[in-house]
Protein chains: 2
Amino acid sequence: MSKLKAQPTEDKILEAAKEVFMKYGLYGARMQDIADTAGINKALLHYYFRSKEKLFDKIFEGALVKYFQQMDVLSDSSLPIKQRVFKYIDNIIDFYAEYPQMSMFIIKEISINPEIFKEKVSVAKNKKGTSLINILEDGVAKGEIKKIDTSMFLINLQSLCSYPFLASPLFKHVLKVNHKDWNDFNSNKLKQSVKTFVENTLSK
Amino acid sequence: MSKLKAQPTEDKILEAAKEVFMKYGLYGARMQDIADTAGINKALLHYYFRSKEKLFDKIFEGALVKYFQQMDVLSDSSLPIKQRVFKYIDNIIDFYAEYPQMSMFIIKEISINPEIFKEKVSVAKNKKGTSLINILEDGVAKGEIKKIDTSMFLINLQSLCSYPFLASPLFKHVLKVNHKDWNDFNSNKLKQSVKTFVENTLSK
DNA sequence: ATACAGTTTAACCATTTGGTTAAACACAAA
DNA sequence: TTTGTGTTTAACCAAATGGTTAAACTGTAT
């Protein structure tokens with residue numbers, strides 16, 4: 001039986017900061033809003049993390065790490081290429097289902113301040129150094145998959161997996177207004193359709 | 001020969017406001033930043049548009065209108081379904097190439113304040129009332145295209161067309177770091193790959 | 001020239017915001 | 001009980017921010 005401990009202040013802050021920063025970005029977020037969300041005094045934010053920027057850095061770094069972690073599954077060289085891509089799709093869609101705002105948060109902040117990406121990426125990037133592009137070009141060279149534009153394939157794949165989650169506030173309205181209930185949307189259906197795309201694109 | 005007139009203040013403001021609001025959102029944007037970008041005195045912002053909110057509304061409404069305008073091409077009932085979708089793809093990708101941040105801007109603001117969507121959508125939505133979903137279900141019913149999940153198809157299509165532009169700050173780095181030059185990216189290649197997807201998905 | 005309306009500006013104001021501080025609190029060791 | 005250390009709080013501060021104002025400027029009609 002696990003001891004039921006109250007959540008440490010530091011964790012409450014990180015959780016709240018993640019929520020608020022993801023929603024409003026670095027400039028738009030308000031320290032008081034973070035404090036309120038965490039249910040603590042504002043001064044505690046500065047007690048645990050010196051400044052707004054420092055706190056933001058913690059959140060952003062964590063987001064980048066989690067983001068790049070999703071690619072680790074690609075390194076499993078025991079599987080054929082297509083299977084690895086399928087696994088990657090399952091992985092990344094589950095990830096986005098849990099953190100739907102992550103992708104937009106990272107993109108927004110990078111577009112506002114491109115420098116921080118270079119700073120943080122060395123910390124965050126997956127250590128194994130196996131990128132989807134590498135894997136695919138390997139597969140093409142070995143004749144395991146169709147000859148494709150690997151960059152465009154990566155863009156298409158990322159698009160299909162990311163956008164449905166980050167645009168869900170929009171789809172929710174557009175689809176509800178028009179027809180079906182957006183709540184019907186489930187990750188498995190998305191996984192299936194993305195895999196069909198991959199199948200069509202990679203198979204010889 | 002057209003008279004070369006200096007750009008009216010009001011237009012300079014709208015242009016600058018669009019740029020700043022798109023980048024930082026309603027809360028993150030600073031009036032002084034907008035004034036500086038427009039190269040005018042801050043008080044002029046309030047002279048032409050009463051408040052920050054009012055100015056933001058103008059920008060957001062304009063964005064929504066342009067966004068929904070892209071769908072008008074779908075109404076051209078003289079063409080077969082697939083051709084209309086192809087035209088729509090050309091349309092919307094050209095649109096995103098010109099306004100890469102539009103999609104994210106709308107999504108972000110809607111997710112922060114879902115109410116404004118309902119308020120504005122009636123003004124902005126395309127008058128002809130022809131949605132992609134309608135067209136597709138029509139096509140399925142007539143047997144003109146394969147029997148598909150129309151909602152999922154719409155999501156996939158939007159994903160393929162939108163995400164490459166809104167994630168370009170990320171791709172720029174990831175792809176450059178890894179391999180090819182992101183500057184090689186051009187809309188025509190994207191259009192082609194999206195059309196291939198549509199072909200594979202819709203053709204019987 | 002003069003009067004007038006629309007436009008632009010610098011100086012200003014009230015509120016909000018990130019950040020600080022000193023005192024209060026909690027709690028374990030002596 | 002006392003001492004000491006880490007945590008939390010209310011009150012506060014300086015700077016930034018959205019917004020106002022009254023005066024100055026610009027051009028045009030009289």
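Because the structure is a prediction, the values reported are computed rather than measured. Just so we're on the same page: letters track the sequence lines, and every chain starts at 1.
- Backbone-only contact: B:Y48 has heavy atoms under 4.0 Å from sugar-phosphate atoms and none from a base.
- Residues satisfying the side chain to side chain contact (heavy atoms under 4.5 Å, CB included) test with A:E144, not counting sequence neighbours, are A:P80, A:I81.
- Taking every nucleotide of DNA chain C with any atom under 4.0 Å from a non-hydrogen atom of chain B, the first and last of them, 5' to 3', are C:dG6 to C:dA10.
- For A:K191, the side chain to side chain donor-acceptor pair (under 3.5 Å) partners at least two apart in sequence or on another chain are A:D94.
- Closest approach of B:F197 to B:L157, counting heavy atoms only: CE2-N, 4.5 Å.
- Near DNA chain D, meaning a heavy atom under 4.0 Å from it, residues 24-46 of chain A has A:N41, A:A43, A:L44 in order of number.
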For a quick test of your reading: what N or O donor-acceptor pairs under 3.5 Å do the side chains of residues 33-50 of chain B make, sequence neighbours left out?
{"from": "B:D36", "atom 1": "OD1", "to": "B:Q32", "atom 2": "NE2", "distance (Å)": "3.0"}
{"from": "B:T37", "atom 1": "OG1", "to": "B:D33", "atom 2": "O", "distance (Å)": "2.8"}
{"from": "B:N41", "atom 1": "OD1", "to": "B:A43", "atom 2": "N", "distance (Å)": "2.7"}

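- In this structure, the side chain to side chain contact (heavy atoms under 4.5 Å, CB included) partners of B:N200, at least two apart in sequence or on a different chain, are A:N200, B:T196.
- Legend: residues meeting side chain to side chain contact (heavy atoms under 4.5 Å, CB included) with B:K82, ordered by chain and number and at least two apart, are B:F86, B:V198, B:E199, B:L202, B:S203.
- The side chain to side chain donor-acceptor pair (under 3.5 Å) search around B:K195 returns B:D90, not counting sequence neighbours.
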Enumerate, atom names and distances included, each donor-acceptor pair closer than 3.5 Å involving a side-chain atom of residues 103-112 of chain A, sequence neighbours excluded.
{"from": "A:S103", "atom 1": "OG", "to": "B:Y163", "atom 2": "OH", "distance (Å)": "3.3"}
{"from": "A:K108", "atom 1": "NZ", "to": "B:M22", "atom 2": "O", "distance (Å)": "2.6"}
{"from": "A:K108", "atom 1": "NZ", "to": "B:K23", "atom 2": "O", "distance (Å)": "3.1"}
{"from": "A:E109", "atom 1": "OE2", "to": "A:L26", "atom 2": "N", "distance (Å)": "3.3"}
{"from": "A:S111", "atom 1": "OG", "to": "A:K108", "atom 2": "O", "distance (Å)": "3.0"}

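- Residue A:T9 has a polar side-chain atom (N or O) positioned under 4.0 Å from OP1 or OP2 of D:dT8.
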